[in-house]
Amino acid sequence: KNVSQDTLKQELVAIPNDNNIFDKFDNINNSIFEQICCLIKQNQQLTQLRDFLLPMLMNGQITINTNT
């Protein structure tokens, strides 16, 4: 569930001497966080669109064309 400081203090961590490894990790990590942010924004937009369209669909103001 959660990681406490006591748990972290018991773990051994390898720290590389080469800055290239840090840079590579940072690049990978940054791209993952950018993707997470993008997906969060998309989810928020989809939620807003759903909340806007669903009531209109339920009361018949709009319909879905299933002839594709």
Any side-chain heavy atom of Leu53 within less than 4.5 Å of one from Met56?
yes
Can you tell me how far apart CG (Asn29) and CD (Glu34) are? Round to the nearest 0.5 Å.
10.5 Å
Per-pair distances, 0.1 Å, donor-acceptor, side chain in residues 10-23, under 3.5 Å, sequence neighbours excluded:
from	atom 1	to	atom 2	distance (Å)
Asp18	OD1	Asn20	N	3.0

State plainly whether one hydrophobic cluster holds both Phe52 and Leu57, where clusters connect Ile, Leu, Val, Met, Phe, Trp and Tyr through side-chain heavy atoms under 4.5 angstrom apart.
yes
Using 0.5 Å steps for rounding, measure from the CG atom of Asp26 to the CG atom of Asn30.
4.5 Å
Mind checking the CG-CD1 spacing from Asn27 to Ile32? Nearest 0.5 Å is all I need.
11.0 Å
Indicate if Ile62 and Leu49 have the same hydrophobic cluster label, given that clusters are the connected sets of ILVMFWY residues with side-chain heavy-atom separations under 4.5 angstrom.
yes
